[in-house]
Amino acid sequence: MTRHDLPSLRALYEQPFFDLIQQARETYRAHWPEHEVQLCTLLSIKTGGCSEDCAYCSQSSHYDTGLEKETLLPLDRILETAERARANGSTRFCMGAAWKGVTEHDAKFKSVLETVRAVSKLGMEVCVTLGELTPEAARQLRTAGVTAYNHNIDTSPEFYPNIVTTHTFDDRLNTIRSVQQAGMSVCCGGIIGMGETETDRLKMLEVLCTFDPAPESVPINCLMPMPGTPLSEQPPVDIFQLVRLIATTRIALPKARVRLSAGRTRLTREGQALCFFAGANSIFYGDKLLTAANPGTNADLNLLEELGLGISKPEILSS
Ligand code: SAM
Ligand code: DTB
Ligand code: SF4
């Protein structure tokens, strides 16, 4: 299989729109014959007060976003939410924490491990997003039952310092390496609509195409402008630019789950349908993301039904 570099990604991306989505559709049909969408439920298990200065994030302590800082949720609350998510049809449960990262020596990390052991018994794919990891912390998460680790590169290496200064793009790559070495699948993507160029988006995709193994899932978030953050006034992303990026990602990473992630509340049903046509095959499901709004479950189920799309079953990695 060819590994796509920036010129080849640009050649795909800049095709006439219908040629691009047709090619993406053919790639999708060859690799994903079931026509199913994966439903993932998110839960913020530790909200707010984060030391990092990510310019898009409501949870950074560097900005006055009005969000209350909370401590780690107790196991029973998390388990209850996970059970509800499963009952509602989710096949993947993703727990997120607002802190710089964890090491194997943290008390809070021990508590997360205990939670993962309990949630992994429910039969859903278990994903966590806990920031930076040491190789040993990654191994312990894998042993506890984590199937996937979400750690986004968010944008191009060149644009990254414009949105975060408290850690580097290379720090993100190091954590991703620890996750791969521990045998968890990597969920890695980014955000569009932060003031980056379309070339920055393709450069981000170029980095994702160098991962070995390739990322199992690629979340494409449209910025949710959070009041109080430096990006609160950013205009919405153009739908055709979003569809082009999804289509190019589908072609470049044919086996990845391409997740139409944050920002769906600002997309029309027709816009989302185009994203699915172009190869998106996963969404966050439930009326809340981590702190921001997401479409209601009924609206999503109706949309999938009207489009004739099924819901995928969990793919649990063998230990
Ligand atoms: N603290 C961990 C980290 O930074 O990896 C995990 C949580 S963090 C909120 C997970 C991802 O959510 C970010 O990397 C970013 O891609 C996405 N995200 C956060 N705030 C967002 C926003 N306002 N709009 C769109 N995506 C956002
Ligand atoms: C990802 O790429 N998007 C999710 C998940 N991974 C953790 C988070 C979206 C967060 C949107 C803003 C919020 O809820 O605060
Ligand atoms: Fe913290 Fe993650 Fe938000 Fe950055 S994106 S401020 S690391 S919670």
Side-chain angles (χ1 to χ4, degrees), residues 34 36-48 58-59 67 70-98 111-131 141-142 144-152 184-189 216-221 224 257-265 267 272 275-276 280-305 307 309-317:
E34 303 84 6
E36 287 174 343
V37 172
Q38 178 193 50
L39 304 182
C40 315
T41 295
L42 274 173
L43 176 66
S44 178
I45 61 169
K46 191 308 184 171
T47 304
S58 63
Q59 307 200 66
L67 198 75
E70 293 174 15
T71 54
L72 190 61
L73 287 183
L75 202 166
D76 55 345
R77 282 273 307 281
I78 300 172
L79 208 49
E80 214 175 88
T81 312
E83 281 167 350
R84 220 175 318 124
R86 186 181 61 170
N88 282 338
S90 264
T91 55
R92 178 153 163 150
F93 191 66
C94 180
M95 296 171 272
S111 174
V112 171
L113 289 176
E114 200 191 337
T115 301
V116 167
R117 279 190 284 268
V119 172
S120 64
K121 295 200 177 92
L122 299 179
M124 290 182 286
E125 295 175 34
V126 180
C127 175
V128 289
T129 179
L130 310 170
L141 285 169
R142 173 74 185 102
V146 168
T147 52
Y149 196 84
N150 168 243
H151 202 64
N152 292 341
M184 288 180 280
S185 52
V186 168
C187 169
C188 183
E216 172 256 352
S217 64
V218 178
I220 298 183
N221 297 276
M224 299 281 282
R257 287 259 174 211
V258 177
R259 187 167 306 121
L260 177 59
S261 301
R264 287 194 300 115
T265 46
L267 299 182
Q272 293 183 67
C275 293
F276 293 129
N281 61 350
S282 175
I283 55 171
F284 287 118
Y285 177 68
D287 53 16
K288 201 169 171 200
L289 294 164
L290 292 173
T291 70
N294 200 39
T297 52
N298 283 341
D300 279 343
L301 293 179
N302 287 342
L303 178 61
L304 294 180
E305 198 183 329
L307 298 176
L309 292 168
I311 295 169
S312 66
K313 284 157 212 70
E315 288 168 38
I316 304 287
L317 293 176

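Just so you know, these numbers use all the heavy atoms, side chains as well, and skip hydrogens, waters and symmetry mates. Computed from a prediction, not measured in an experiment: that's the story for all the values here.
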Residues that Ala97 engages under side-chain contact (heavy atoms from CB on, under 4.5 Å), provided they are two or more places apart: Ile45, Lys46, Trp99, Leu130
Where at least one partner belongs to residues 291-303, residue pairs that pass salt bridge (charged side-chain N to carboxylate O under 4.0 Å, His left out), sequence neighbours excluded: Arg264-Asp300
Salt bridge (charged side-chain N to carboxylate O under 4.0 Å, His left out) partners for Arg84, two or more places apart: Glu80
Distance, nearest 0.5 Å, that separates CZ of Arg92 from CD1 of Ile283: 13.5 Å
Partner residues of Glu36 under the salt bridge (charged side-chain N to carboxylate O under 4.0 Å, His left out) criterion, sequence neighbours left out: Lys313
Counterpart residues, side-chain contact (heavy atoms from CB on, under 4.5 Å), relative to Glu83 (two or more places apart): Leu79, Leu122
Thr41 side-chain N/O to Tyr285 backbone N/O, donor-acceptor pair under 3.5 Å: yes
Residues forming a side chain to side chain donor-acceptor pair (under 3.5 Å) with Ser44, sequence neighbours excluded: Thr47
Distance in Å, Asn302 CG paired with Thr297 OG1, rounded so as to fall on 0.5 Å steps: 9.5 Å
Derivation and outcome, side chain to side chain contact (heavy atoms under 4.5 Å, CB included), residues Gln38 and Ser217: CA-CA 11 Å; Gln38 178 193 50; Ser217 64; 5.6 Å; no
Residues which pass side chain to side chain donor-acceptor pair (under 3.5 Å) with Ser261, listed by chain and number, not counting sequence neighbours: none
Backbone of Ser185 reached by a side-chain donor or acceptor of Thr147 within 3.5 Å: no
Pairwise distance CG(Leu75) to OG(Ser111) - rounded to 0.5 angstrom: 7.0 Å
Minimum-distance pair of heavy atoms, taken over all atoms of Pro219 and Asn152: CG-OD1, 3.5 Å
Stepwise side chain to side chain contact (heavy atoms under 4.5 Å, CB included) test for Val128 and Asn150: CA-CA 6 Å; Val128 289; Asn150 168 243; over 6 Å; no
Glu70 bridged to Arg77 by N-O distance under 4.0 Å: no
Those residues that, when tested against Ala280, pass side-chain contact (heavy atoms from CB on, under 4.5 Å) (two or more places apart): Ile246, Leu260, Cys275, Phe276
Heavy-atom pair of closest approach, residues Gln59 and Ala98: OE1-CB, 3.3 Å
Distance, nearest 0.5 Å, that separates CG of Leu39 from CE of Met124: 11.5 Å
For the student: nearest non-hydrogen atoms of Val218 and Gly189, plus distance: CG1-CA, 4.1 Å
Using atom types as modelled, flag every donor-acceptor pair under 3.5 Å from a side chain in residues 287-296 to any protein atom, sequence neighbours excluded.
from: Thr291; atom 1: OG1; to: Ser58; atom 2: OG; distance (Å): 2.8
from: Asn294; atom 1: ND2; to: Phe284; atom 2: O; distance (Å): 2.8
from: Asn294; atom 1: ND2; to: Gly286; atom 2: O; distance (Å): 2.8

Heavy-atom pair of closest approach, residues Ala85 and Phe93: CB-CD1, 4.1 Å
Contacts of type side chain to side chain donor-acceptor pair (under 3.5 Å), residue Asn281, not counting sequence neighbours: Arg250
Residues Thr115, Leu72; criterion side chain to side chain contact (heavy atoms under 4.5 Å, CB included); working and verdict: CA-CA 11 Å; Thr115 301; Leu72 190 61; over 6 Å; no
Derivation of the side chain to side chain contact (heavy atoms under 4.5 Å, CB included) call for Glu125 and Cys187: CA-CA 12 Å; Glu125 295 175 34; Cys187 169; over 6 Å; no
